[in-house]
Structure formats: C-alpha cells, structure tokens
2 protein chains.
Amino acid sequence: MAQRKKKASKKKAVKKKASKQRAPARKKASTKKAASKTAPKGGSIVKGRTSPLSRADKKTLSMIEATAERVRTNVGKRVLPELRFPIRSLSNVSYNTRVGYLQIGRGTKARQLSVNTVKNFAQTLRLMAISKEMVENDDFATKREAYYVSKNWDDCKFQEQAESDSVMDDIEALASMDDLSREHLRYYPEEHGGSIAGRLTVVDRDPVSSADIRIDCTAMGTGSYTIPHSVEHLRFDTDARFILVIETGGMFQRLNKHRFWDHARCILIEMGGVPTRATRRFIRRLADDKKLPVYAFVDCDPYGICNIYRTLKVGSGAAAHVNRRFCVPNAKYLGVTPQDIIDFELEDATHPLLPVDIKRAKDALKNDPFFKAQPKWKKAIRQMLKMGVRAEQQAFAKWGLNFVLEEYLPTKLKNPRGFLP
Amino acid sequence: MAQRKKKASKKKAVKKKASKQRAPARKKASTKKAASKTAPKGGSIVKGRTSPLSRADKKTLSMIEATAERVRTNVGKRVLPELRFPIRSLSNVSYNTRVGYLQIGRGTKARQLSVNTVKNFAQTLRLMAISKEMVENDDFATKREAYYVSKNWDDCKFQEQAESDSVMDDIEALASMDDLSREHLRYYPEEHGGSIAGRLTVVDRDPVSSADIRIDCTAMGTGSYTIPHSVEHLRFDTDARFILVIETGGMFQRLNKHRFWDHARCILIEMGGVPTRATRRFIRRLADDKKLPVYAFVDCDPYGICNIYRTLKVGSGAAAHVNRRFCVPNAKYLGVTPQDIIDFELEDATHPLLPVDIKRAKDALKNDPFFKAQPKWKKAIRQMLKMGVRAEQQAFAKWGLNFVLEEYLPTKLKNPRGFLP
C-alpha cells in the first residue's frame, strides 16, 4: 500500500511537469504530452485516488492489461492481433425463467487488425488505456467526454460521437466476458438518475476523504435523493418491507408528499420512464442485499409493460451482454393491469390504443423471449389488445387525487401473489 | 385557529361519508358525490392539512373566492359574467435592464359567458374550485391529474389534456394579476427538478408533522439532492460565496465528484437543459435570500445562450405573466463564450453551427427584447455567427478530463466582472 502511494506520487510529479506545458494559455499543447488526460496534479483541486483499489478495480486493470499484452505479444511475433467480442443480437439471446433475465449466448466474433480495421483497433486500445488511467486515479468520463478526449489523437480522433459510442459498446462487450460493465471501466452515462424517498439510508463514501456518508432518505422533506451515476460502492441500511418502483415523477411526488413510505413501510423509487442503468443497478443491489421484494407501478400500456417493466425485470435485447447486472429478475408487476381498468372502473379515463401501441404489443407476444415464456403476461397483453384501451397511473385521479394511495395501492398490496410475473 | 380546525373536522366527517359511497369496488360512484376530490378521510393515510395556512395560501383562497363571488353576483343580477386575463404574447411583453426580466404589459382581454364559452367557463371555475380544496387540504395535483379529475364532470369533462392545460394557463394568467403562480394554486408540473450539491443546507418541513427537516447538500456522497416541485416553503442556510448553475448532468457529476464546491466555496445546481420552473424559482429564492451571485455555465451554442440562459435570467415570452417570480435577473454568464473557444484553443473540439442554430441566433438578435437591450450579447452572438461553430462544456475534455475544474473555471472565476450580462 505504502509502495503504491509512493509510485503514484512520483507519477504525479512527472505528469505535473508535462501538464504545465500543455495549458492552452501557453499555446504549447502538444498531442503527445496531452495523452495522459486524467492525471491528478500535485496540490491541485483534483486529488486523485484516496481509497485503495477495490476488487472490481483490480479485475478491471487485469483485464485491460491482459488484453494489451495479448495484442503486443502477437505484434512482437509478427502475428496479426485480434480482439474477440460476444455477438450482440436477438439471435444470440435467450430467456429462461430460472435464470431470470435475457441472457447472451456463447457466440463471439473476432476483429483482426487489418488495413481496414487499424483505426478502429487503435481507438479501442486508446479508450481502454484511458479507462486504465481513470481506474488508477479514481476518476470517470461521460461518453461525450470520451469523444472529446480523442480530439487530441491526431489521425485517430473520432469525427462523431456515434463512432466513439460504438467503440465503447465493443469495449463493454469485451469486458462483459470477464463480467465487467462499462461503469467498471469508468465510462458513465449522461442520464439523470432516478429519485428515492422512504425508509432507506444509503451509505456512500466521500470521494475525497473516503469517510462514510449516511444519507437518510426519510429526511429529504418534499425533495428526494438522486441516484448517482455509479452505485457499485453504495451500502444500504433499511427496515422497509418492499421497494415500490414508480414510472412517473408526479405519482412519486404524491406518494412521497403523503408519506406513503411510512404508512406502508417501504422505499419509493421513481424511474422517470425506462429506468437508467444506474437506477436498475441500484434497485438490483438494494433488493439482493436486503432481500426485498420489488413491485413495479407503471402505466397500463404497451410502452409501460413491454419497455419500462420488461427492461427493469429482464433487461434489453440490444444490451444483452450487461443484463446479468442491470436488471431486477425478482421484480413483480403490481399494476396498472388491464384487469384493474375493469375492477377500478377506469373505463372512461382510458385512451384508445394507437397503431404504434398495438404493433408494440403484438411484437412482444410474437418475438419477445420474456413474454413468450410467461403465460400470464400473454393473457394480460391479449386482454389489453381486446379492450383496445390503455390507462395511465394518474387515471385513478378520476376517483379523487388520493384514491391511488388510499384505496388502489392498499387493496393491491394485500395480495402480492396476484401480481403479474 | 381553533375554530378553523373544528370546521375542518366537521367537513371531513361529511366528506368521509360521501367518499365511502364512491369507491369503485361498490359500483356506486356517482359523479355528484365524487366531486370533492381532495378531501382527506378520517383515520386514513392522507392526513390533510397539518400546518396553518400561509399568507400566500390565504391570498390564493381570497382570489378564488372573490372571482367566484363576482361571477355569482353577476348571474344573480342577470348580467353575463366575465373573466379577465392579461394578454400573453410578445406584443404585450417588454424588457428593461433595471427591471431585469421580460415583463408583461397592461393589456387584458375579457372572456364573457356565452353559448360558445359556457363549457370553458364552467371548466375554469371547476378547476379553481379544486384548487381551493387543495389549498385547504394542503394537497396538489399534476396537470395530468387535473385532466383525469375532470373525467367525473359529465358534459364538462376534458377530452384531451391540451384542453385542461389551456384552461390552466388561463387560470394562472388570471392569478398572476394578483401576483400568484400556478404553484400557489397547487397545480404542479410533472418535470424532474434540478440536482444540487455543495455548501447549502435546505430547511424543509415534514409534510405530515410540520417539523423542520434539514438537508445538508454537502452530505450527499456521489449522489445529490433533487429540487421538489414546490419550493416556496423552503429556507436556506449557507456559507457559499456563489451559485454555479450547470447545463449538463455529466459536468455536474464531475464537479461534484471532485468536490469543486468545497474548493471554490459554492453551491452547484444542475439544470439538465432549460431549467424547470421549480429549479428557476429555487435559484431565485436562494439567491435573493442569501444575496448570492449566480453564474451560469452552459454550452456555447444558440440553444444554450438563447434558450437555457435567457430563460434562467429573464424568463420566457410565452409565460411572461410568471417571469417576475420564475427567473433570476442577477444571473451572469460565466461561459462557454465564443471568445473562450479562442482563448482555450477549443477550435478542433467544436462543431459547425447548423441552419437551425443560425436561425435561432439571428432571431435572438432581431426579435428578443433581452438580447436587443444588451450590446455585449449582440457582440458575442455576432462573433459566434462569424466563427460559424459551437462548443459544448464537455469540449474542455480535449485538454484532460479535469482541465475544466483545474484551469478553466478557476481562470474565469478570477474575473466575474468579465462575465456576459
């Protein structure tokens, strides 16, 4: 540990010198010297790493070093190096109710270094090199920042963010073979995390002092706690009985304002549409760690069911290589169900299904491995198609603004076994 | 006070009886009995009002009662009643640098009750009646919920949310003549509030017990505090020197992660694009209350300058009747400026202005009362048009991920007098 620190500070000194020369005010910035992008400067605002490398950090560094080593060895032996990725398409995805998420198959494809792939190959290795620096310095980059960092790479720079995103998808797929995610590589999405209120204390770590920070989500007043972009280091303390995951901010505010979490002894999490990666991972870690059931409360329409809920529970097809970590297989669907529209007399607060809704529902029945494996869902989706209408979670307001928390949720929560899978 | 309580509990008992009959499970719901939508039920989850009416609440109730009284008196005298609204269009808006925001003029229009307006007239009065109940019961509704509440109004119900939104805009305009906003009427937007981290303690009130809740925004770890939908009741405690308002979540996370707020002794607020009403009002109240300067850090492009920053500082033309409360006239523009692109050598990290950008910038120069009154802005926008490029706040990543907080911001913050107005 002491040795690592010493090395780090030596490195710091060298990089400080280099960075002095690259400040734009001095008009001397050379691309060579600007290569080390994340190096902390001595005595500066950015402190660099203050806590020891986690196990996942070490694994990430090993993966990057092993990949680079393989490439270098091949080059040394005058063999064309290659990188190997899992195939990401529906043809290479399966769903098994016991596994609980859309699982990627064993198919892989190789990309060999050639005249055509040389730029892409170099970009992949450079982004991995930055990843290594970020892990070492306990820093991160958004996908947008990663794109801009390349502007100093001369011929190798990205012209559009779509290019760097695509390379990053490859890197993530490559890392997924070692059970690592993009967040382990320190590339974070730009998304706005979900909001939390209720009987939960999140134990975070001060990024500078490494001291524990306890965030009491019962003490946010009418506001809430926002889930950070990376949640792997968080710990939890709770006496809640379940997690209620909510589609819309308006419904979340209503339940929070009336302290539904206190009454029902639960944790409220707002997704704001399809949940972000960080939100899904947060719910998953919390549910696993504290053995809490997860109930989803979303609109009764094909988007709420086939996109929002499906992604929460089993992940997505396009990102099948990360589903293992970024979904919540034990989630259940509290509502709104097509049957709720009848039971709670919401008929005149519904809207007709649009052609796009009908298409989405039929697609789910026909092509989605999750819904195909769940007879109860097939029945519910067919019922919705037959009724020809959709209902939002706000529709209960027809019966009074607080009907939803005085009647609907308590009635439903009496029988979680009746929830859709 | 004691008398009011007594009245309230009597009311409660009556409403409890009524609401028992309207539960859908009993299939007895009558539209008449379901009219009182926000009444708390005795012994139920929703506690109703636990704190005394605020001054603004009393003013809101007076405004609603006076409006209803005027209509009733006219009807009693067999005179056609009318409602009077300020005219909301650019023709009735002005900007004066001393006033500091886009100000609505004195023009008003009247809507008289007639065969053509009767439905709209009735809807306006019903939404105001619900507003009165919500103030009395300390509740709120989203615009979407307000739309659904009408589903029990028989002939008077809204067919589309666009209809109820338009009526609500009218009510807000009407209320603005008494210096009241939609939030005072308890209709809250569905938007996601901005995030906060840094040297600020927000003092909120527990909605049920009315006890003070202190939220320490230095103790959110890598997460943050989300601004609630209504901020009028919040109080503040801070030793910060300024407020830094940031366009993107990614930049906010970077500054928060490296505790820039500690180093620079400031408060960080993420807008996530054009700031929501609650975010603008929060910044305004905090800045006024604590006499703090507000510095905006957004992308150097026509959208960042003419939409995000302009709305933050002086409000919008379409909602001119609420600008007085929902903007921050003392805000200044830290960057990114067109000159920054040159000074910090960002040229190769820029993107060409698109036709839509050029149109927006030219429109601002020609038609926007704010930019027309600010010679420095006219010069800066012309410079951007001449350069033909735009730069995002992430573009500094070209010089290293943390260049922005180690070099750019400290350099700029040395000279706030140089900020654009």
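Naming: A, B, ... by sequence-line order, numbering from 1 per chain. Since the structure is predicted, the reported quantities are computational estimates derived from the model, not experimental observations. Reckoned from all heavy atoms, side chains included, excluding hydrogens, waters and symmetry mates.
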At a heavy-atom separation under 4.5 Å, does B:Glu270 approach chain A through its side chain, its backbone, both, or neither? side chain

Any Lys/Arg nitrogen of B:Asp204 or B:Arg235 sitting under 4.0 Å from an Asp/Glu carboxylate oxygen of the other? no

Highest number of heavy-atom pairs under 4.5 Å with chain A among B:Asp262, B:Thr142, B:Asn256, B:Asp206 belongs to B:Asp206

Is there a donor in the side chain of B:Glu392 and an acceptor in the side chain of A:Tyr148, or the other way round, less than 3.5 Å apart? yes

Heavy-atom proximity to chain A below 4.5 Å, by part of B:Phe396: neither

Under 3.5 Å, is there a donor-acceptor pair linking the side chains of B:Asn137 and B:Glu133? no

Can you find a heavy atom in the side chain of A:Met271 that is under 4.5 Å from one in the side chain of A:Thr276? no

Does a salt bridge link B:Lys398 with B:Asp348, judged by any charged N lying under 4.0 Å from a carboxylate O? yes

Pick one of side chain, backbone, both or neither for A:Thr248, based on which atoms fall under 4.5 Å of a heavy atom in chain B. both

Heavy-atom pairs under 4.5 Å with chain A: which of B:Arg144, B:His233, B:Met251 has the most? B:Arg144

Please flag which part of B:Asp138 lies under 4.5 Å from any non-hydrogen atom of chain A: side chain, backbone, both or neither. both

Is it the side chain or the backbone of B:Ser150 that comes within 4.5 Å of chain A heavy atoms, both, or neither? neither

Angle class for the A:Tyr188/A:Phe140 ring planes (parallel below 30°, perpendicular above 60°, tilted otherwise)? parallel

Honestly, the part of B:Lys157 sitting under 4.5 Å from a heavy atom of chain A is side chain

Presence of salt bridge, A:Lys412 and A:Asp340, under 4.0 angstrom: yes

In plain terms, say whether B:Glu232 and B:Arg281 are close enough for a salt bridge, that is, a side-chain N and a carboxylate O under 4.0 Å apart. yes

Given A:Arg205, A:Met220, A:Arg214, the one with more heavy-atom pairs under 4.5 angstrom with chain B than any other is A:Met220

Honestly, the part of B:His263 sitting under 4.5 Å from a heavy atom of chain A is side chain

Between B:Gly221, B:Ala141, B:Ser230, who has the most heavy-atom pairs with chain A when the cutoff is under 4.5 Å? B:Gly221

Between B:Val231, B:Thr226, B:Ile213, the one whose heavy-atom pairs under 4.5 Å with chain A are most numerous: B:Thr226

